[in-house]
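Computed from a predicted model, the values in this text were never measured in an experiment.
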Amino acid sequence: MDWPSSDYDFLQGPGVSEESCIQHCLDDCLCVAAVYDQGKTCMKKQYPLSNGRKSPNITSIALIKVPKNIGIEKKGQSLIVVLAVLLGSSAFLNILCFLASSVAIIYLYHKRLNLPRDTDNTFATNVRSYTYKELEEATRGFKQILGKGAFGTVYKGLIENDEEAKNDMKRLERLVIVAIWCIHEDPSQRPSMIKVTQMLEGVIEVSVPPRPSLLDSPLIAQQGTGPWKSRSGEFAFGFYPIQSDKTLNQFLFAVWFDKIKDKTIVWSANGNNPAPQGSALKLSSNKEFVLNDPIVRRFPKEFDVNDCNIRLDSPLIAQQGTGPWKSRSGEFAFGFYPIQSDKTLSQFLFAVWFDKIKDKTIVWSANGNNPAPQGSALKLSSNKEFVLNDPLGKELWKPQRNGSKSSCFVMLDNGNLVILDEQYNPMWESFKEPTDTILPGQTLYKNTTLRSRQSDTNYSKGRFKLAFQFDGNLVLYSLSVPSEILGKAYFSSWTVNLATQLNFTEAGYMYVQNAILTNWFNVFKKDPGSNETFYHMARIDHDGVFRLYKHLRKEDTTSGGRSPASWTEVNGIPDNICDAFVNYANGGGFCGPNSICTRESGYSHASCSCPVGFSALDQSDYWTGCKPNFTVSNCHNGREANKEFDFVKLTNTDWPVSDNNFLKGSAVDEAKCRQLCLDDCLCVVAVYDDKDKSCWKTKYPLSNGRKNTNITRIALIKVPKGHGSDMKGKSDKKDKRLDKLIENDEEARNDMKRLERLVIVALWCIQGDPSLRPSMKKVTQMLEGVIEVSVPPSPPLYTSSSSSKKHPSKSVSTRNCHQSKQATRVNSGFHIWGLGTESFFATPTSSPQISKPVSEGNNAQPFGKAKDHRYQASFSTWWMGRDQDINPLFTSRLGEFSFGFRRFQINEKESQFLLAVWFTKTKDQTIVWSANGNEPAPQGSTLTQNSSSAFVLNDPNGKELWKAPGNGSESSCAAILDNGNLVILDEQYNSIWESFEEPTDTILPGQILYMNTTLRSHQSTTNYSYGRFQLSLQLDGNLVLYSINMPSEVLNHAYFATMTMFWESQLIFTEAGYMYVQDANNSTNIFNLTQEDPGSKGSFYHMARIDYDGVFRIYKHLRQQDTSCGRCPSTWDPVQGIPGITDICGAFDANTFVGGFCGLNGVCRTSDASSGGGTFCSCPYGFSQLNPYEDWAGCKPDFPLPNCDNGWEENKGHLVQGANETQCKQQCLDDCMCVVAIYEKTRGYCWKKKYPLSNGRYSTNITRIAFIKVPNSFVPVKKSQSLVVGLALLLGSSAFLNILFFIASIVAIIYMHHKKMNSPWNIDSTLATNMNSPWNIDSALATNVRSYTYKELEQATRGFKQIVGKENDEEASNDMKR
């Protein structure tokens, strides 16, 4: 069986079984049938089903979803049928009714016999008789006629202050109610004889019977109403239930065959508009029958004076004993509800509440934000409007009115509090101004909201709002308090332009309805229970969850008392409030910054807590967030590890939106994750997932903290030692650290710091480079702590020397090669050529001589085994001066490319070298390939062939910096081709390695990138080590640009992709300068990367490079011999950039680059072509670079960050709307977490930014203004300090420093001696003898380092447990020398 045209969802795969297909349909409220095919497919069908078919050719199975209480009728139940017919017969019921009447008469007669004889026996009901005057007073002069009957006119009256009459009235009411039950139109509802007796005697409670079907009152569309049958019983009419979905019934007012099994409908009144449960059929004031949906039936009838609960002829005083006033059924009441504000004074809410349940739950209040002090008064003003004033006359609440004059309050049985005007028409109602709760029968129209309260006992406005918007969307928002700024929505019904109202039916169902009464969205998915058994309400609670509740109306006798007599949650949205805030809410999440949200198991309720090392900002409101109990690092001590921190481990915990870095890989374990966080001064928590070996470093403040058993990650909170660390201290054997021995001796720690300072100053004074030695003044300042003492550079472990010996000239002849079995050494600016182990110095008189090939051909042709591309290269000895930075070993045949060493000056004394290929004829001689960009070669490094004939670059100590890998063959020689390809040939002159197959950041015309090949950017234009961007032609054929986290090498999300998956892709760079992705199988161009004309290859050189800023650019450069283009630039001019945007700063977000292009707190700026183009980074006002050599590494604040110790203003909103510039600044000032406010004038938007700042950008296209919050006392460092610079140059001369150093040494000795003479400590003389010093004891240690007693040393060394070294220990001696 199948319905082939009703699919709205399709599932397929090996995991799809019949059971999973059933479950998918059960979990989907729109699914009415699932069709399962043995081919592992499941098709979910929606209502109504279309084109149903049944055929033996159809192999699929149809699974129809029906309620559990609907099944197949059993055929053999004859006894039950007979009994049902017997009990349903009219004769049997008449007999029962006759017996009940007889018993009632006997009972009344018996009661009458017991009355005193002087009582009037007009009625055998114990009802007394009244005089004419009493009746006239009771009916207020026979004013209101209720009706006329066989015994005369009936008037409405009220007997006051007559207790006996009241008791008579109650007995009369009981008798009437019992009589009505006995004549109920539905025979099954009539009571038995025993029950009649118990009802009359008061043994059991007598409830009000259902109204008869004469439509004096409306008929409600619900189960149990009707039906009404014809005399023969063959036809019936009433409300016929139809199933619209699994939670909500709808009804047709219809006529059907009643004696047949399927109850076939033959007529219906509302087939086009099925009536929702709770609709009503009633007789209108025009005496015509009308069927209305639930929302029309807001008021049960027209009002009159007798419906008023209270008229307020005198003020109502807010105090104990005033009111309450109840609805007719007694289920609801209104009045002054006492709330305890403190120990001494009560306050009151003018409110409506459930009155028949134990906890008297408030469903509406007028003055939740302004509780009325005792003595406040609700009165009718001179303008005929109700006003609630406090004892001093301040207005607390006044209902909105339509211009009519108020008359009285009416409390309806549905919980609606109504104010009537003087004509007794409704002029105001609480249902139209709800607070946090709606009740069955209530409707929310467009632009209506519910607002949560602050807590269960605080009724002032809270942080959450349910809004039925103008656009028809039902949305849950968070708000900032008290600014009332909306955050982002964390729930939406997505009924935009579809819905007109939110209905809450009397049966307890809630749905969003459109203009033609169609249910568009069911808010709650679970069964609320019968409204005859339960009260219902829906409320947006203080935790932001909109919940449907139920409460037993009376003690449940069917479950043995197991059902709780309290409000029970039926369903809530969102299902998990902690998860709802992860992606859509503002601020720090549900629980505020730095906190943890935990959902209670099985419920939608959540609780907030603070992690170890943090405490609540407000102890009375945990949702305001937490603050650290320690000083948060602002990176003033650099990015290295802070050894004073350890970790606290929390399982099943995560802060998912605070990441500032992400690492993943098999090498990442928990210990590595801890260390990475220790090494990062911005990291406050490391989140580790052992399942996929991932580590997230999170920044401060922490956002959206969650704890859940479904979270497999662990959180490692970095706290100062002593704040609850879970790490065990490493053994002394591993640490070998003095601070471990004296960790509890503050005085000793200070001594150690002073000693460290003296040692560092001494190292500066004996620096090998005299220019680095400090002046006498600086030495004094360093000793006194006036200036910071940095760690000096490590001294060199070896000394390079230049050889002046020259060898005889010797020429070397090879075939088809530029270089063969020679060694090249870079030593103090000299190039040394050698053959085997024999070295040769080169002279500048001759460069490599290259003869023509034996057989003419293009040097750029592919290599083969044929030896027709052989070249003669002879080398004379030559010498390269040290002032030259470009030292080619050999050049291509046409002279356009060179290969050799490129020098880069580190300082005046030291250079480093790249083994590289570069353009020879361009002005800047641009490098296109380098062998050792990550490890530049120091002076003295050599390029040689090792014993395996492989080309190897080694540093002076023999460390391998680069080796050209081969295919197992021995390399013979190297050659640079005219297309820029560096190749190494074997002894048969076949290519065994080429630079085109291992590109760095550049590709050249004629070069091809194959799958699984990458280009990696440099760090900057002068730093050739690996940068932060990668162009990758992946194994799937997709050409992708990635950003990379450093130094972890973890890829971020792609910021460009060609989407050329599933092809055998190749990246082709043609000799004409065009680039495209090609399918290697059929040479089809599948993606063009060159959209602009690159210019003629005869006029221009071309190259393509992934630049340090992440843009993959195609360049052109004018060839020098071209004279036809006089105005063409003689530099590299970009033809096109990928991605194709002018501002690369905008290409990155939190997914593609953590912190943005310029790192955390940095600002990215793209200069225009007139300024030279390119992208650069800067720091905002009040910030400085973390690393002055890496401007992209981010910035640190030059002022202490706030940690909210001075309190937490409640302005945590992320986006402020409708603000001006002054308000935007104030919003940031009022928020201790805010470091920058961004203001957009055109829309009146204000964004508050927390630390650290991410993805900073500057562009003339950005119209927003940034306000950086700095302390009032903050003064930025001035850049231009010419006087200081001049003095620094003067003091930097070597001769002057030597003089100063001599004077400083004398001053230091006198200073130390003076300190020692004034010291109260007695330095142990034995210490001086072990110092191997010629000085006496007074000058041996003028360091203020105190001496220790034997007992102190014994405690510090733990009983002299571990020996670090001995006097004659050679290893310790060598360590000391180093």
Residue pairs passing the salt bridge (charged side-chain N to carboxylate O under 4.0 Å, His left out) test where at least one lies in [range], sequence neighbours excluded:
| range | answer |
| --- | --- |
| residues 1091-1100 | Glu1071-Lys1097 |
| residues 951-964 | Glu935-Lys959 |
| residues 1074-1083 | none |

Mind checking what makes salt bridge (charged side-chain N to carboxylate O under 4.0 Å, His left out) contact with Lys693, not counting sequence neighbours? Asp690

Could I get the full list of side-chain hydrogen bond (donor to acceptor under 3.5 Å, both in side chains) partners for Tyr1115, not counting sequence neighbours? Asp1107

Contacts of Thr1060 meeting side-chain hydrogen bond (donor to acceptor under 3.5 Å, both in side chains) (sequence neighbours excluded), chain-then-number -> Thr1058

Name all residues meeting the side chain to side chain contact (heavy atoms under 4.5 Å, CB included) criterion together with [X]; count only those two or more places apart in sequence or in a different chain, and write none if there are none.
| X | result |
| --- | --- |
| Asn1012 | Leu1035 |
| Ser995 | Trp929, Asn981, Leu982, Trp993 |
| Ser1020 | Thr1022, Asn1023 |
| Gln1030 | Thr1014, Arg1016, Ser1032, Tyr1042, Ile1044, Leu1051 |

For residues 994-1028, which residue pairs pass the ring-ring contact (aromatic ring centres under 6.0 Å, His included) check, not counting sequence neighbours? Phe904-Tyr1024, His1018-Tyr1024

Would a 4.5 Å heavy-atom cut-off, applied to side chains only, mark Tyr1108 and Gln1019 as touching? no

Would the Phe897 and Phe919 ring centres measure less than 6.0 Å apart? yes

Pair Thr1000-Ser930, side-chain donor/acceptor within less than 3.5 Å: no

Among residues at least two apart in sequence or on other chains, which ones pass ring-ring contact (aromatic ring centres under 6.0 Å, His included) with Tyr1074? none

